Amino acid sequence: MSIPPKDADRNRDAPAPADRKGRDRRARRQDWLGEKLRDLYGSYAQEPVPDELRSLLERLDDDKPGGQGKGN
Amino acid sequence: MPGFKQDLVEQIPHLRAFSRFLCGSPDWADDLVQETILRAWAHRGSFEPGSNLKAWLFTILRNHFYSEMRKKKRSVELQLSATPAEIGVAAAQPEKLHFKDLVREVGRLAPAQREALILVSVNGLSYEEASAVCGCAVGTVKSRVARARRELEARLGGPTARHVDGHDVALRGGGQVVAGRR
């Protein structure tokens with residue numbers, strides 16, 4: 001019995017069940033670790049900026065725009 | 001270069017987080033960020049508008065980090081003490097946590113693996129961009145990210161805790177890795 005064209009296309013494009021399982025497992029694994037790492041990264045990024053850093057950024061204003069600032 | 005300072009300021013949270021992952025110490029991380037800002041500002045004329053500012057800044061920061069490492073022979077073992085921010089996240093997500101475990105295990109990775117992992121898996125840089133930041137081949141970045149993931153997953157007892165180097169691996173309370181022949 002021949003397979004109708006529509007089903008044949010679908011079968012050709014779809015990954016084999018074992019491949020699909022492996023891919024799903026890899027995706028879950030990456031989300032799990034990536035999510036944990038992003039949470040930790042976010043916690044670092046949200047920490048208050050210390051005064052020394054704020055002061056440094058304010059001092060950058062003393063430079064003329066487009067110039068080669070201090071330290072050159 | 002109008003707007004450069006504003007763009008720089010917007011990247012500071014990323015610089016601080018990336019730096020923290022690299023060196024582990026909050027104080028040292030902020031020192032690295034300060035130096036990065038000074039160098040970026042001094043050399044802002046060499047930045048190509050429209051290119052990836054974050055990657056450019058990360059390159060400056062990591063180069064300075066490794067330079068300091070060589071000079072001072074400083075340890076890169078991440079600190080085990082959780083910061084208030086880490087504790088805050090842990091409290092908000094009690095089902096996930098174990099940030100202390102994560103910090104400890106990330107700190108045990110080789111610095112090169114750690115930076116590749118953070119650049120690609122957290123910051124979303126492409127392998128090509130990460131390879132430019134790290135000054136190595138794209139394939140090297142890929143293998144470092146893959147290896148870092150495998151090691152972390154095995155040590156943290158994640159979904160792939162099994163099948164590591166032919167062993168079943170699980171994580172006991174306290175972070176002890178237990179391995180057994182499959």
Side-chain angles (χ1 to χ4, degrees), chain A residues 3-72, chain B residues 1-5 8-9 12-21 26-27 29-31 33-35 37-46 82-90 92-93 96-99 101-103 106 117-118 120-124 148-150 152-153 156 158-160:
Chain A
I3 301 173
K6 194 175 167 185
D7 287 346
D9 288 346
R10 189 168 60 211
N11 287 344
R12 188 183 58 211
D13 294 339
D19 290 347
R20 200 166 52 231
K21 274 186 183 175
R23 204 169 53 198
D24 290 348
R25 200 163 45 234
R26 281 194 296 276
R28 274 199 307 275
R29 180 179 70 201
Q30 295 208 344
D31 284 344
W32 170 81
L33 184 57
E35 189 180 325
K36 278 181 180 294
L37 290 167
R38 283 188 289 273
D39 285 346
L40 182 57
Y41 184 94
S43 77
Y44 291 151
Q46 287 168 17
E47 288 182 0
V49 176
D51 291 341
E52 294 82 3
L53 210 46
R54 286 185 186 285
S55 166
L56 171 65
L57 293 170
E58 286 167 9
R59 287 203 308 275
L60 294 183
D61 283 335
D62 297 338
D63 267 344
K64 298 281 182 288
Q68 292 296 292
K70 299 166 193 169
N72 275 350
Chain B
M1 189 184 292
F4 183 80
K5 184 187 171 187
L8 185 60
V9 168
I12 285 178
H14 290 290
L15 285 172
R16 296 184 74 215
F18 179 57
S19 182
R20 185 70 175 277
F21 266 103
D27 291 339
D30 281 333
D31 287 347
V33 171
Q34 284 197 31
E35 187 59 32
I37 290 169
L38 285 172
R39 291 181 181 198
W41 188 252
H43 297 284
R44 61 192 184 279
S46 65
T83 65
E86 291 166 358
I87 293 167
V89 172
Q93 302 170 319
K96 295 182 172 182
L97 188 181
H98 317 314
F99 262 31
D101 289 341
L102 182 59
V103 170
V106 168
L117 181 69
I118 299 310
V120 173
S121 298
V122 178
N123 275 287
R149 282 190 170 280
R150 279 199 306 272
L152 280 182
E153 288 162 357
L156 291 168
T160 55

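Heavy atoms only: backbone and side chains are in, while hydrogens, waters and symmetry mates are out. We name chains A, B, ... by the order of the sequence lines, and we start the count at 1 in each one. None of these values were measured; they are calculated from a predicted model.
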Item to complete: Against chain A, label B:Val9 side chain, backbone, both or neither, depending on which of its atoms sit under 4.5 Å from a heavy atom there.
Response: side chain
Discussion item. Minimum heavy-atom separation for B:Ser46 and B:His43, please, with both atom names.
Written reply: OG-O, 2.7 Å
Response to the item:
Contacts of B:Asn123 meeting side-chain contact (heavy atoms from CB on, under 4.5 Å) (sequence neighbours excluded), chain-then-number -> A:Tyr41, B:His14, B:Lys54, B:Phe58, B:Ile118, B:Leu125
Worksheet item: In Å and rounded to the nearest 0.5 Å, what is the CD1 to CG distance from B:Ile12 to A:Leu57?
Response: 4.0 Å
Worksheet entry | Heavy-atom pair count under 4.5 Å with chain A, highest-scoring of B:Ala29, B:Ala17, B:Ser121 | B:Ala17
Discussion item. How close do A:Val49 and A:Arg54 get, counting heavy atoms only, and between which atoms?
Written reply: O-NE, 3.5 Å
Worksheet item: Is it the backbone or the side chain of A:Leu56 that comes under 4.5 Å from a heavy atom of chain B, or both, or neither?
Response: side chain
